[in-house]
Structures are given as structure tokens and as C-alpha cells.
Amino acid sequence: MRSAAIYFSMLQAPRGRVHGLANFCWESFRNISCSHVNSSSLKPLASKYGVQGGYSRRWIRRPMTTKTGGRNKTNQAAKPSNLVRKILDEKVSTSTELDLNKADETSKHQQIQYCGIKQMIAENKDLADLVTFIIYDTETSGLSRKDDRIIEIALQDLAGGENSTFQTLVNPGCFVANSHIHGITSNMVCRPDVPRMEQLIPILLQFIKSRQKPGGYVLWGAHNSFAFDLPFLINEFSRCSYEIPPNWLFMDTISLARELMKSGGSNLPSGTSLQALREHYKIPLVGSAHRAMSDVRTLSMILQMLTFDLKLTLPNLVTRSFTAFEYVNNKRKKS
């Protein structure tokens with residue numbers, strides 16, 4: 001194995017109740033907006049594919065730290081897990097009436113459970129506290145989901161704290177045709193020291209696990225996610241023979257921008273693009289536009305403004321989300 005540019009940031013932010021999204025995010029967003037990605041604020045990913053000494057050294061095995069801003073996972077585990085089981089047992093029927101063979105029954109029943117969890121989270125404050133909100137963005141080698149690949153991915157946990165961000169280039173194994181958009185060239189990613197997606201997915205899963213609350217759920221948000229980022233992510237997982245975990249929920253922030261545009265009034269953005277929203281809310285650009293981490297940081301701040309203007313809470317956003325299983329099924333029904 002060879003080394004790759006994969007990093008976690010060291011942003012610090014206070015913890016708070018999640019279901020009041022605008023209040024919860026404010027301190028995190030204020031810290032994020034004042035932070036710049038530089039060598040002093042980053043440390044290498046500590047994982048089985050850890051980096052030591054930059055590109056020049058070989059991959060080494062290192063245990064991954066799960067220290068996340070003082071979070072005490074042991075003390076949190078008992079009550080939430082029991083609560084989830086209790087609510088699922090009460091509100092989700094068993095799969096005895098479904099025509100499933102024994103090999104698929106457990107997996108599909110678990111998918112059905114998580115598809116029904118959204119309304120439960122909206123109705124139950126304690127379940128809302130189990131949601132980890134991840135803002136993410138991807139850059140790709142082109143627009144074809146069949147032929148093109150993800151070449152960069154960035155994530156940020158809105159709870160903040162230590163190790164709250166993740167970013168890396170990805171070796172697509174193909175030519176990058178649209179480098180004029182994001183500035184990522186074939187020479188930057190088609191190198192042996194940049195991880196391929198099949199190498200990256202286990203690291204990505206481990207990072208999300210380190211941020212996820214015990215017995216909880218992960219809400220992924222991106223701008224134009226349903227038309228772009230999510231289908232690319234689903235296809236990459238499928239190509240590498242991985243399943244997207246059923247407790248991952250996905251939402252698209254462009255729907256919030258469209259809702260704001262329809263609300264009327266004179267003080268509205270000129271459009272629903274990330275750039276139009278950034279200019280409307282007077283958010284300074286940190287880094288290059290159309291690079292994954294720059295767009296993640298911009299969207300993190302835009303989201304706080306959108307949820308404030310629309311008076312939305314975290315449970316409101318969860319009800320607008322879909323599991324990957326639901327998303328694929330909805331696409332099949334429409335086609």
C-alpha cells in the first residue's frame with residue numbers, strides 16, 4: 001500500500017442540542033467561517049491506511065482514534081440504543097408477511113425499519129439527539145454516472161470538535177475531462193499515492209463510525225445531492241461491492257433554496273445555486289470554488305441561514321430525507 005492525502009481537521013466547537021438546528025450550528029459555523037485549511041490545523045488520518053511523513057512514505061498500519069471533542073461514548077450508549085429498540089419494536093411491524101427468503105430477510109427488514117425511522121425522529125426529541133449531520137461534496141471526472149468517477153470527496157460533521165472533517169482526492173483510473181471546472185487534473189489524481197475508491201470506502205466507513213452516536217443515524221446533506229452527489233456515491237459503492245449503510249439518510253439542500261424562493265418577499269437570492277446563495281448571504285469564499293472542502297464549508301454556513309429563514313429544525317430536515325434504498329426504489333418507479 002502507498003500513502004494518500006487524507007486528512008481530518010482539528011476544529012473545536014461546543015456541543016448542544018441538535019434538534020434546534022440554527023442555534024446548534026451557530027458556534028460551529030462561526031468557528032468554521034474563521035478557519036482556513038492549512039498545515040497548522042490539520043493532522044493525518046490515523047487508520048489502517050494511516051499517513052506518516054506525507055507522500056514519500058509507505059502505508060503503515062495504525063489504530064484509528066475515536067476521540068471526538070470530548071464525547072463520552074460509553075456513557076451515551078445504553079439509553080439511546082434501548083430507546084431505538086423500544087420504538088422500533090412498537091412502531092415497525094415484523095417482516096413475517098413479506099415474501100422474502102431467509103438469506104435476504106434480515107437485510108431487507110433492516111432497510112424497511114430505517115425507511116420508517118424519519119417520522120419517528122420528527123416525533124421524538126430523544127431520537128433527534130441521535131442524529132449526526134454530515135455536510136458532504138464530491139467532484140467527479142465528468143457528468144456520466146456510467147463512465148465517470150468521483151475524484152474528490154469532503155465531509156464535515158456539523159457538531160464540530162476534533163477530527164470533524166475528512167477530505168481526500170480519489171484515483172478514478174480514468175481521464176479527468178472537466179478539470180476546467182474544478183481545477184483537478186488527471187495528473188493530480190491518476191497516481192499510485194492517491195487511493196482508489198475501493199481502498200477509500202473502508203476508511204470512509206470508519207470515519208463515519210467514529211462520528212456517529214451510539215445507536216444513532218447519519219444525515220448526509222449536499223447541494224443538488226439527488227441529481228449529482230448521491231447517485232455518484234451509490235454507484236461507487238456498488239462498483240466496489242459495498243452497501244450504503246441503512247441508517248444513512250440523505251437530503252438535498254437545493255430543495256430548501258427553492259422553498260425560500262417560493263416564499264415571496266423582496267429579500268430573496270437571485271437563484272438556487274451555491275454561488276447565488278453564498279453571494280445572497282454575503283459569505284466569503286474560503287479556498288477555490290468547486291473544490292470539495294471549499295463547497296462543504298460554504299454550504300455549512302448557507303445551511304444555517306436557510307434553516308433560520310425557513311424556521312426549520314433538524315427533525316424537519318430528517319423528514320425530507322431518503323435512505324439510499326428509498327432513493328433507488330423511487331428512481332426505478334419513475335423510470
Answer with yes or no whether the hydrophobic clustering places Ile150 together with Tyr242; edges join I, L, V, M, F, W, Y residues whose side-chain heavy atoms lie under 4.5 Å apart.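 Yes; Tyr242 is reachable from Ile150 via cluster members.
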Hey, any chance Leu233 and Leu143 share a hydrophobic cluster, counting ILVMFWY side chains that come within less than 4.5 Å of each other, even indirectly?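 Yes; Leu143 is reachable from Leu233 via cluster members.
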Do Ser141 and Asp148 get their side chains close enough for a donor-acceptor pair, meaning under 3.5 Å?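 Yes, Asp148 and Ser141 have a side-chain donor paired with an acceptor closer than 3.5 Å.
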Donor-acceptor pair, side chain of Arg145 and main chain of Phe232, under 3.5 angstrom: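 No, because the side chain of Arg145 does not come within donor-acceptor range (under 3.5 Å) of the backbone of Phe232.
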May I ask you to decide if Gly216's main-chain N or O and Asn247's side chain share a donor-acceptor pair within less than 3.5 Å?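 Pair found, side chain donor or acceptor close to backbone of Gly216.
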Over all atoms of both residues, closest heavy-atom pair of Met197 and Val170: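 Taking Met197 first and Val170 second, the nearest heavy atoms are N-CG1, 3.8 Å.
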Considering all heavy atoms of both residues, which atom of Cys240 and which atom of Ile201 are nearest to each other, and what is their separation?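 Reported closest heavy-atom pair: CB-CD1, 3.8 Å.
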By the side chain to side chain donor-acceptor pair (under 3.5 Å) test, which pairs, at least two apart or in different chains, include something from residues 228-241?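 Listed by first then second residue: Thr138-Asp229.
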Measuring from atom CD1 of Ile302 to atom CG of Asp295, what distance do you get when rounded to the nearest 0.5 angstrom?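 It is 9.0 Å, given to the nearest 0.5 Å.
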Could you grab the distance from atom NE2 of His223 to atom OG1 of Thr253, nearest 0.5 Å is fine?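 Spacing of NE2 (His223) from OG1 (Thr253) equals 5.0 Å.
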Report the C-alpha separation of Val218 and Leu249 in whole Å, then their side-chain angles, then the decisive distance to 0.1 Å, and conclude whether the side chain to side chain contact (heavy atoms under 4.5 Å, CB included) test is met. CA-CA 6 Å; Val218 182; Leu249 307 172; over 6 Å; no
Got a sec, which pairs hit ring-ring contact (aromatic ring centres under 6.0 Å, His included) with one end in residues 136-164, sequence neighbours left out?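 The answer is Tyr136-Trp220.
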Check Arg291 with Glu139, please: is the shortest side-chain N to carboxylate O separation under 4.0 Å?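 No.
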Is there side-chain contact between [X] and [Y], with heavy atoms separated by less than 4.5 Å?
X      : Y      : result
Ile203 : Gln206 : no
Thr132 : Leu219 : no
Leu285 : Ser294 : yes
Leu158 : Leu303 : yes

Which of these, Tyr327, Phe226, Phe250, Trp248, sits in a ring-ring contact (aromatic ring centres under 6.0 Å, His included) with Phe322?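 The ring-ring contact (aromatic ring centres under 6.0 Å, His included) with Phe322 is passed solely by Phe226 among Tyr327, Phe226, Phe250, Trp248.
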Those residues that, when tested against Asn224, pass side chain to side chain contact (heavy atoms under 4.5 Å, CB included) (two or more places apart):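 Asn224 satisfies side chain to side chain contact (heavy atoms under 4.5 Å, CB included) with Ala227, Phe228, Asp252, Ile254 once adjacent residues are dropped.
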Trace of the side chain to side chain contact (heavy atoms under 4.5 Å, CB included) decision for Ile153 with Leu155: CA-CA 7 Å; Ile153 186 168; Leu155 319 173; 4.1 Å; yes
Please walk me through it: do Thr272 and Met261 pass side chain to side chain contact (heavy atoms under 4.5 Å, CB included)? CA-CA 8 Å; Thr272 59; Met261 294 285 285; 3.9 Å; yes
